There are 2 protein chains.
Amino acid sequence: MERSKGPHAPTIRGVAERAGVSKSLVSLVLQGSPRVSDAKRQAVLEAIEELGYRPNAAARSLVARRTHTVGVLLDDLRNPWFVELLDGLNSVLCAHGLRMLMADSRLGRRTGEDVARTFLELRVDGVVAVGTLPDADTAALAELAERLPTVVAGSHDPRLPGVDTVANDDERGARLATEHLIGLGHRRIAHIAGPGGVGELRRRGYETTMREHGLGGELTVEPGDGTEEGGYRAAVRMLGGRPAAAPERPTAVFAFNDFSAVGALSAARELGLEVPRDLSLVGCDNTYLARIRHLWLTTVDNASHDVGRRAAQRLLDRMEHPARPAGHGLAAPSLEVRGSTAPPPG
Amino acid sequence: MERSKGPHAPTIRGVAERAGVSKSLVSLVLQGSPRVSDAKRQAVLEAIEELGYRPNAAARSLVARRTHTVGVLLDDLRNPWFVELLDGLNSVLCAHGLRMLMADSRLGRRTGEDVARTFLELRVDGVVAVGTLPDADTAALAELAERLPTVVAGSHDPRLPGVDTVANDDERGARLATEHLIGLGHRRIAHIAGPGGVGELRRRGYETTMREHGLGGELTVEPGDGTEEGGYRAAVRMLGGRPAAAPERPTAVFAFNDFSAVGALSAARELGLEVPRDLSLVGCDNTYLARIRHLWLTTVDNASHDVGRRAAQRLLDRMEHPARPAGHGLAAPSLEVRGSTAPPPG
DNA sequence: TGTGGGTGTTGGAACGGTCCAATGCCTCGT
DNA sequence: ACGAGGCATTGGACCGTTCCAACACCCACA
């Protein structure tokens with residue numbers, strides 16, 4: 001761990017010496033204080049430029065007790081809808097001079113690193129947990145929430161005291177999808193379910209809508225796990241082993257997410273069903289998978305960018321008023337109609 | 001004496017007081033020094049537990065002159081192959097007690113320089129730039145590289161003095177793909193090109209291999225931009241307007257990446273060509289797109305995980321020996337044969 | 001001519017750790 | 001019996017910044 005003996009990074013003292021002023025004055029210039037004479041300000045700025053001085057964030061945050069950094073806890077970077085949400089988060093946080101420290105709890109777990117501990121040691125100003133976290137991390141999040149302003153984005157749980165949540169209205173999104181299919185004339189509409197609280201909400205939205213339209217007798221729910229493989233298997237169970245024209249076969253499927261829907265798409269093709277002629281298919285999340293023209297899925301857009309922006313707002317709010325009771329926001333989803341839905345055959 | 005502004009986070013002094021020892025001893029315990037009596041160690045650990053003490057990373061790094069943090073500069077989080085690479089990076093860095101601070105230079109677009117400034121102010125111990133950066137950021141990277149250990153991962157340029165690079169061997173990957181197609185019996189093999197230095201290398205690999213097999217006369221290169229849309233258009237230009245059985249129509253296409261390949265897939269279907277019966281298709285990057293059974297692309301796996309691991313190794317190396325001349329590593333790609341390639345028709 | 005208030009500038013005390021030299025104590029060899 | 005040496009423990013200097021109280025200085029005013 002030997003350090004090169006070369007000159008260390010210049011400090012405020014070095015700048016002061018070079019400009020022929022005290023370090024306090026340099027500090028004032030850095031903070032844009034108006035009570036500095038133009039001559040000295042100029043001298044200081046020149047010295048900074050010449051030395052290539054950069055303030056040391058660690059020293060600064062040590063005395064200021066603020067790091068201007070927000071910890072972002074991700075479940076899995078591989079999930080494409082995260083990116084939209086992060087973009088929304090970032091735009092608002094950036095505008096308020098905060099930076100994001102991202103940690104993928106899945107990447108971290110492999111090496112046994114405790115992400116929560118890292119955030120605490122770094123004294124981040126707040127934490128945003130994105131998506132549904134594995135149960136193991138819920139305890140860690142609870143511990144974080146006791147000490148730091150914390151917001152959950154893109155998921156409704158865990159509902160912890162003092163933790164705001166901002167999510168898309170999953171139940172309403174499921175309703176939009178189901179109503180779209182009913183509007184096209186479908187009656188035998190099945191659902192491929194997904195895991196977690198989000199999965200439950202989407203299933204409930206589907207079931208409620210079906211019942212409201214007098215289709216309670218047509219309810220079909222196959223469990224899935226939110227992966228393409230899971231969607232494929234669920235679809236095979238649902239559609240396979242029956243002749244294509246069997247009267248009880250579903251004519252439409254609403255899947256938990258785009259991955260599941262794409263799995264179902266493959267299953268349909270293998271079973272000789274053409275989408276959307278023989279089978280309509282709706283996904284969820286409007287990931288770029290759904291935008292691929294070879295797939296071109298009708299899907300529910302759940303306004304992730306907006307969720308991210310609102311989560312950031314909540315966090316800023318909570319940083320200013322730590323004691324305020326937790327709020328729970330919902331963003332309005334919309335339906336993105338593409339090529340995987342059509343009226344039922346016949 | 002004491003600020004009565006509320007309960008600040010406990011410090012090492014608070015722990016010391018509670019355990020009835022000096023702050024120095026607490027520090028020794030925290031560092032796992034063997035020269036501490038069991039009794040006092042126990043007392044200190046209990047005090048830490050009771051107070052919920054966490055060391056302050058800022059204070060620590062202030063004196064240690066190390067932050068144990070590596071800045072990761074991303075071009076675009078949306079690009080799925082990044083994730084594999086990050087995973088590889090993370091595994092090695094974590095194992096050496098370093099954490100990653102990720103910054104998407106596109107998210108903070110207005111400020112390519114700003115990301116660099118942030119990294120400098122935070123005094124990160126090193127920087128990893130992932131992928132091909134936009135030109136605007138190259139200057140910022142050069143400035144960073146002058147002051148910090150810097151490694152470029154997943155791209156061959158920019159080649160800056162003192163900057164190591166680790167990338168996959170793009171030329172060799174293209175060679176693997178082309179040879180696979182030639183081995184199946186194809187002769188009229190076209191290429192959909194991509195942007196940047198990587199695009200050039202892959203094109204060169206394709207061209208060289210074709211010539212080596214006496215197929216220099218069959219070279220066909222259509223420009224693309226690495227997107228699905230670009231791949232689609234290139235394929236339409238290449239295949240459209242000719243009867244399916246035209247003797248000069250390519251029987252196989254090697255695309256710059258999986259996105260382009262998927263675009264080409266859609267174009268083929270629209271033109272009534274069945275893949276792989278009428279047209280073979282090879283992508284590149286082995287993203288999870290290629291793994292979707294509905295697409296099931298033969299593709300080049302460019303060992304991103306390995307690239308990430310090796311980039312981390314380089315960085316660790318450079319952090320210890322800052323003056324060592326820059327090295328340029330290549331990871332060996334492999335071919336992942338799936339369902340989009342077959343012998344040519346007839 | 002003294003008083004008072006603003007204005008520009010400064011030294012020094014934090015902030016929360018690490019590290020080093022110095023301390024006191026205990027054991028051991030001679 | 002006594003100094004040497006090892007060991008556990010401690011105070012204090014330091015890292016690079018911000019902030020505050022104190023300081024000269026100048027000008028207006030009584």
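Protein chains get the first letters and strands the later ones, always in sequence-line order, with residue 1 at the start of each. Owing to the predicted nature of the structure, the values given are computational and were not obtained by experimental measurement.
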Visitor: How long is the line joining CZ of B:Arg65 and P of C:dG17, in whole Å?
Guide: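 B:Arg65 atom CZ is separated from C:dG17 atom P by 19 Å.
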
Visitor: Between protein and nucleic acid, restricted to nucleotides 21-24 of chain D and to nitrogen or oxygen atoms under 3.5 Å apart, what atom pairs and distances do you find?
Guide:
none

Visitor: Using atom types as modelled, flag every donor-acceptor pair under 3.5 Å from a side chain in residues 47-54 of chain B to any protein atom, sequence neighbours excluded.
Guide:
{"unit_1": "B:Glu50", "atom_1": "OE1", "unit_2": "B:Arg18", "atom_2": "NE", "d": "2.7"}
{"unit_1": "B:Glu50", "atom_1": "OE1", "unit_2": "B:Arg18", "atom_2": "NH2", "d": "2.8"}
{"unit_1": "B:Arg54", "atom_1": "NH2", "unit_2": "A:Glu143", "atom_2": "OE2", "d": "3.4"}

Visitor: Does a salt bridge link B:Glu17 with B:Arg13, judged by any charged N lying under 4.0 Å from a carboxylate O?
Guide: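 Looking at B:Arg13 together with B:Glu17, the answer is no, because their closest N to O distance does not fall below 4.0 Å.
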
Visitor: Look up atom CZ in B:Arg60 and atom CD1 in B:Ile12, then write down how far apart they are to the nearest 0.5 Å.
Guide: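 One finds 8.5 Å between CZ of B:Arg60 and CD1 of B:Ile12.
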
Visitor: Which distance, rounded to the nearest 0.5 Å, do you find between the CG of B:Asn168 and the CG of B:Asp306?
Guide: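 Reported value, rounded in 0.5 Å steps: 10.0 Å.
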
Visitor: Would you kindly compare A:Gly20 and B:Pro55 by the position of their nearest DNA chain C nucleotide and give the one closer to the 5′ end?
Guide: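 Final value for this comparison: A:Gly20.
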
Visitor: 5'-most contact on DNA chain D: B:Val63 or A:Leu30, nearest heavy atom basis?
Guide: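 The answer here is B:Val63.
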
Visitor: Test for a donor-acceptor pair under 3.5 Å between the base of D:dT9 and the side chain of B:Lys23, counting only N and O atoms.
Guide: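 Under the 3.5 Å cut-off, the side chain and the base do not form any donor-acceptor pair.
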
Visitor: How about B:Val128 and B:Leu73: do any of their side-chain heavy atoms sit closer than 4.5 Å?
Guide: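 Sidechains of B:Leu73 and B:Val128: no contact.
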
Visitor: What about B:Ser24: does its side chain form a donor-acceptor pair under 3.5 Å with the base of D:dG11?
Guide: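 Flag set: donor-acceptor pair detected.
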
Visitor: From the list D:dT18, C:dG17, C:dC19, which nucleotide is the closest neighbour of the side chain of B:Gln31?
Guide: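 That would be C:dC19.
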
Visitor: Give each protein N/O atom lying under 3.5 Å from an N/O atom of nucleotides 4-9 of chain C, with the pair distance.
Guide:
{"unit_1": "C:dT9", "atom_1": "OP1", "unit_2": "A:Ser37", "atom_2": "OG", "d": "3.0"}
{"unit_1": "C:dT9", "atom_1": "OP2", "unit_2": "A:Ser37", "atom_2": "N", "d": "3.0"}
{"unit_1": "C:dT9", "atom_1": "OP2", "unit_2": "A:Ser37", "atom_2": "OG", "d": "3.3"}

Visitor: How long is the line joining CZ of A:Arg13 and P of C:dG12, in whole Å?
Guide: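 So the CZ-P distance, A:Arg13 to C:dG12, works out to 11 Å.
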
Visitor: Can we say B:Arg314 and B:Asp317 salt-bridge, meaning some charged N sits less than 4.0 Å from an Asp/Glu carboxylate O?
Guide: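 No, no charged N to carboxylate O under 4.0 Å.
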
Visitor: CZ of B:Arg324 to CG of B:Asp164: how many Å apart, nearest 0.5 Å?
Guide: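 Between atom CZ of B:Arg324 and atom CG of B:Asp164 there are 9.5 Å.
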
